[in-house]
Enquirer: 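Have a look at the structure that comes next, please.
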Number of protein chains: 2
Amino acid sequence: MLCYEVLHAKGYRLTPQRILVLKTIYHADNHISAEEIYEQLHDRFPYINKSTIYRILELLSGLKLVTESNLGDGCIRYHAAIKGHHHHLICRICGKVIDLEESTLGPLKASMLRDYGFDADLRHMVISGVCSDCRSS
Amino acid sequence: MLCYEVLHAKGYRLTPQRILVLKTIYHADNHISAEEIYEQLHDRFPYINKSTIYRILELLSGLKLVTESNLGDGCIRYHAAIKGHHHHLICRICGKVIDLEESTLGPLKASMLRDYGFDADLRHMVISGVCSDCRSS
DNA sequence: GTTGCAAATGCAACTTGTTGCATTTGCAAG
DNA sequence: CTTGCAAATGCAACAAGTTGCATTTGCAAC
């Protein structure tokens with residue numbers, strides 16, 4: 001797994017805790033929160049500490065090995081950066097999450113660069129609203 | 001102040017705590033966090049309770065008298081809804097906040113409705129990135 | 001295989017925000 | 001001006017996340 005090499009190359013240690021957190025994020029089906037990671041790991045490896053999880057996630061996020069998303073449920077959720085970026089449309093009625101291709105917001109990014117000189121970081125946008133199903137009912 | 005009438009009309013009581021929170025938000029120059037509101041008020045009126053502030057903000061937000069924004073600094077910030085909605089571009093280097101007119105994202109809203117049937121709630125968008133000053137240096 | 005030590009972890013205390021419940025109070029009716 | 005009571009508040013306990021510091025450990029050098 002390339003992640004291990006990145007850590008090592010930047011001089012970070014390959015600790016069991018870091019390996020477990022990386023594996024958990026890579027094997028998760030969808031976006032996973034810090035607390036979910038902690039619970040999953042603590043069940044199997046009780047020696048793992050909560051603060052360690054948070055510090056590892058901060059590190060991995062800084063190294064862009066994982067991506068943070070705030071899906072509006074009050075906690076930050078993580079997913080493997082290598083799986084690609086995408087945006088989320090969240091229905092505020094039914095809670096459904098629709099994934100958008102990263103390229104969808106290309107025109108928006110271009111217009112903000114043109115009009116404001118602002119280089120927007122549009123990798124994990126979260127947009128709240130009402131989905132088509134809930135609008136029709 | 002119209003807010004008081006809205007509260008009264010919906011059957012909510014006009015308590016001193018609610019009046020103080022409303023005044024604080026309306027007199028704040030920029031977006032203000034729950035904790036800042038609590039600190040300001042608690043200095044002058046020590047009887048004001050933290051949980052009351054949070055519950056009042058929840059109520060006012062639900063009634064759309066104030067607008068919530070998550071500016072990415074880990075806390076929700078509030079501003080008076082009557083002052084109008086706008087979006088924020090936040091520079092992740094220098095922290096500068098650029099305000100965008102609400103209408104700027106009109107095309108984006110239209111395209112999401114067209115392509116996904118999704119009625120996006122684009123009233124307090126927060127977009128992270130790098131501002132023109134920081135890009136040139 | 002040992003050793004040294006900075007990096008990483010575990011622990012406990014702390015901060016920030018939330019919740020359940022007893023007490024207080026705004027306010028409408030008499 | 002009282003009174004009654006649901007609504008609102010204060011309090012204290014709790015949950016989630018953070019931080020400082022002592023202890024442990026990955027790993028490079030020998």
Side-chain angles (χ1 to χ4, degrees), chain A residues 1 3-25 31-63 65-66 68-78, chain B residues 1 3-25 31-63 65-66 68-78:
Chain A
M1 205 186 265
C3 290
Y4 300 163
E5 295 166 25
V6 173
L7 280 176
H8 189 259
K10 302 238 177 184
Y12 295 103
R13 289 188 193 161
L14 222 51
T15 66
Q17 289 90 339
R18 284 176 178 170
I19 294 171
L20 284 168
V21 169
L22 270 171
K23 279 192 177 167
T24 305
I25 294 177
H31 296 61
I32 189 171
S33 71
E35 210 189 341
E36 285 165 356
I37 294 170
Y38 175 64
E39 281 170 12
Q40 281 190 29
L41 290 179
H42 195 262
D43 282 353
R44 289 184 298 148
F45 312 93
Y47 63 85
I48 278 206
N49 193 274
K50 194 173 54 165
S51 55
T52 304
I53 303 282
Y54 284 100
R55 283 187 281 226
I56 289 174
L57 288 171
E58 194 181 351
L59 174 71
L60 297 178
S61 185
L63 292 174
L65 295 177
V66 306
E68 298 184 338
S69 308
N70 187 338
L71 266 54
D73 60 348
C75 63
I76 296 173
R77 296 185 164 273
Y78 299 86
Chain B
M1 209 186 264
C3 290
Y4 298 161
E5 295 165 25
V6 173
L7 280 176
H8 189 259
K10 302 239 177 184
Y12 294 104
R13 290 189 194 159
L14 221 52
T15 66
Q17 290 87 340
R18 284 177 178 168
I19 293 171
L20 284 168
V21 168
L22 270 171
K23 279 191 177 167
T24 306
I25 293 177
H31 296 61
I32 188 169
S33 71
E35 210 191 340
E36 285 165 354
I37 295 170
Y38 174 64
E39 281 170 12
Q40 281 190 27
L41 290 180
H42 195 262
D43 282 354
R44 288 185 297 149
F45 312 94
Y47 63 86
I48 279 206
N49 194 273
K50 194 172 56 165
S51 55
T52 303
I53 303 281
Y54 283 100
R55 283 187 282 226
I56 289 175
L57 289 170
E58 195 181 351
L59 174 72
L60 297 178
S61 184
L63 292 174
L65 296 178
V66 305
E68 297 184 338
S69 309
N70 187 337
L71 266 53
D73 59 350
C75 63
I76 296 174
R77 296 185 164 271
Y78 299 86

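These figures come from a predicted structure and were not determined experimentally. All chains are named by letter (A, B, ...) in the order of the sequence lines, taking the proteins before the strands, and each is independently numbered beginning at 1.
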Enquirer: Quick one: list whatever passes side chain to side chain donor-acceptor pair (under 3.5 Å) with A:Glu68, sequence neighbours left out.
Expert: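 Counting only residues at least two positions away or on another chain, A:Glu68 forms a side chain to side chain donor-acceptor pair (under 3.5 Å) with A:Ser61.
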
Enquirer: Base, sugar-phosphate, or nothing for A:Thr15, non-hydrogen atoms under 4.0 angstrom?
Expert: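 Sugar-phosphate only.
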
Enquirer: Side-chain donor-acceptor contacts of residues 6-18 of chain B below 3.5 Å, not counting sequence neighbours, with atom names and distances?
Expert:
from, atom 1, to, atom 2, distance (Å)
B:Thr15, OG1, B:Arg18, N, 3.2
B:Arg18, NH1, B:Arg13, O, 2.8

Enquirer: Considering only heavy atoms, which members of residues 39-50 of chain B lie under 4.0 Å from some atom of DNA chain D?
Expert: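 The stretch gives B:Tyr47, B:Asn49 as the residues lying under 4.0 Å from the strand, ordered by number.
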
Enquirer: Base, sugar-phosphate alone, or nothing: which one does A:Arg18 contact when heavy atoms must sit under 4.0 Å apart?
Expert: sugar-phosphate

Enquirer: Going 5' to 3' on DNA chain D, which nucleotide is the first and which the last to come under 4.0 Å of a heavy atom in chain B?
Expert: D:dA6 to D:dC11

Enquirer: Evaluate the ring planes of A:Phe45 and A:Tyr47, with Trp represented by its six-membered ring, and classify them as parallel (under 30°), tilted (30 to 60°) or perpendicular (over 60°).
Expert: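 Perpendicular, since the angle between the ring planes exceeds 60°.
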
Enquirer: Which whole-number value in Å describes the distance from B:Arg77 CZ to C:dT16 C1'?
Expert: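 About 14 Å, once rounded to whole Å.
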
Enquirer: Hey, which of these two, B:Ser51 or B:Tyr12, hits DNA chain D nearer its 5' end, going by closest nucleotide?
Expert: B:Tyr12

Enquirer: Just jot down the side chain to side chain contact (heavy atoms under 4.5 Å, CB included) partners of A:Glu39, sequence neighbours excluded, or say none.
Expert: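 Only A:Glu35 meet the side chain to side chain contact (heavy atoms under 4.5 Å, CB included) criterion with A:Glu39.
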
Enquirer: What side-chain donor-acceptor pairs closer than 3.5 Å can you find for residues 48-56 of chain A, not counting sequence neighbours?
Expert:
from, atom 1, to, atom 2, distance (Å)
A:Asn49, OD1, A:Ser51, N, 3.0
A:Asn49, OD1, A:Ser51, OG, 2.7
A:Ser51, OG, A:Arg55, NH2, 3.3

Enquirer: Please write out the pairs of protein N or O atoms and N or O atoms of nucleotides 28-30 of chain C separated by less than 3.5 Å, giving the distance to one decimal.
Expert:
from, atom 1, to, atom 2, distance (Å)
C:dA28, OP1, B:His8, NE2, 3.3

Enquirer: More 5' along DNA chain D: B:Leu59 or A:Ala34, using each one's nearest nucleotide?
Expert: B:Leu59

Enquirer: How large an angle, rounded to 10°, do the end axes of the helix from C:dG1-D:dC30 to C:dG30-D:dC1 enclose when each is built from five base pairs?
Expert: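 The value is 30°.
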
